[in-house]
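Only heavy atoms go into these numbers, but all of them, side chains included; no hydrogens, no water, no symmetry mates.
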Amino acid sequence: MGQIEWAMWANEQALASGLILLAGGIVAVAGQFKGWEFGAYGIAAGVFITLLEYPRSKRKKGSTMERCGQKYLAAVVKVFGPLTRNYYVRAVLHAGLAVPGGFILATILGTVCLGIASIIYFLAAIRGEEWRPIEKQAEPKQRAGETIKRPPENPPPRPPAEVRRKQADEVSVGGGHVNPIPVTDNV
């Protein structure tokens, strides 16, 4: 049995919590809730978390499916080096970002989800995982002639005409297929 890569689960959880926090913040600001300032904070924190968590990390074993447009955000995340690569830092960052969202009802779900993501990131950090960018492997280039399939130039081989006539005569004389079980019509 292979080991679980906790960072992969933490990434999905944190990305979802960032989007939930963003949606809750929009609801709080649009609805002019009491304490709507925390909703504005939820919008800012949700956007930041979503941008930070959008690029997936490369898995230790197997292949990693890159998200659409991930390479652009991965370059930005890569620039910050150990601050974004280290999962202890991410765990503390997410735990800290989660606290202000707990003061208003619209962002409480995003806060709880972000707290769970923080715990999972802490577990991933304890197990020694870290964020690594997905790098494209150089694929061997194939020549154009090898990849293009040409249609056949000659028809498929047939038996000689005499054999074909003989087979056709056997079918017409014998009446085709013979059923080994007798069938009678009892009307």
Between Leu21 and Phe48, is there shared hydrophobic-cluster membership here, with clusters defined by ILVMFWY side-chain heavy atoms closer than 4.5 Å? yes

Between His94 and Ile49, is the side-chain contact (heavy atoms from CB on, under 4.5 Å) condition met? List the steps. CA-CA 8 Å; His94 289 331; Ile49 292 165; 4.2 Å; yes

Minimal heavy-atom distance between Gly96 and Pro100, with the atoms involved, is O-CD, 3.4 Å

Closest non-hydrogen atoms of Ala10 and Ile120, given as atom of the first, atom of the second and distance, are CB-CG2, 3.4 Å

Treating Ser118 as the side-chain partner and Leu114 as the backbone partner, does any N or O pair qualify as donor plus acceptor under 3.5 Å? no

I'd like to check Leu52 versus Leu93 (side-chain heavy atoms, cut-off strictly below 4.5 Å). Are they in contact? yes

Give the minimum heavy-atom separation between Tyr54 and Cys68, together with the two atoms involved. OH-O, 2.6 Å

I need the minimum non-hydrogen distance between Ala7 and Tyr87, along with the two atoms involved. CB-CE1, 3.1 Å

Parallel, tilted or perpendicular: which fits the ring planes of Phe38 and Phe103, with parallel below 30° and perpendicular above 60°? tilted

Return the OG1 to CG distance between Thr50 and Leu19, rounded to the nearest 0.5 Å. 4.0 Å

When hydrophobic residues are tied together by side-chain contacts of less than 4.5 Å, even through go-betweens, does Trp36 share a cluster with Val47? yes

Going by the rule side chain to side chain contact (heavy atoms under 4.5 Å, CB included), which residues pair with Val163 if we only count those two or more places apart in sequence or in a different chain? Pro159, Pro160, Gln167

Does a side-chain heavy-atom distance below 4.5 Å link Arg90 with Arg85? no

Under the side-chain contact (heavy atoms from CB on, under 4.5 Å) rule, what do Leu105 and Lys34 come out as? Steps first, then yes or no, please. CA-CA 10 Å; Leu105 186 60; Lys34 184 177 179 184; over 6 Å; no

Does any non-hydrogen side-chain atom of Phe122 lie less than 4.5 Å from one of Ile126? yes

Atom of Cys113, atom of Ile20 and distance for their closest heavy-atom approach: SG-CD1, 4.0 Å

Pairwise distance CD(Glu162) to CZ(Arg164) - rounded to 0.5 angstrom: 10.5 Å

Answer whether the closest heavy-atom distance between the side chains of Tyr41 and Thr107 falls below 4.5 Å. no

Which residues satisfy the side chain to side chain contact (heavy atoms under 4.5 Å, CB included) test with Ala28, sequence neighbours excluded? Phe33, Ile104, Ala106

Test of understanding: clusters of I, L, V, M, F, W, Y form through side-chain heavy atoms closer than 4.5 Å, transitively. Do Leu123 and Met8 belong to the same one? yes

Could you check whether any side-chain heavy atom of Ile116 comes within less than 4.5 Å of a side-chain heavy atom of Val112, counting everything from C-beta outward? yes

Glu129 side chain to Trp6 backbone, donor-acceptor under 3.5 Å: yes

Nearest atoms (heavy-atom pairs only) where Gly110 meets Ser17: O-CB, 3.9 Å

Out of curiosity, does Ile43 fall in the hydrophobic cluster containing Leu51 (side-chain heavy atoms, cut-off under 4.5 Å, transitive links)? yes

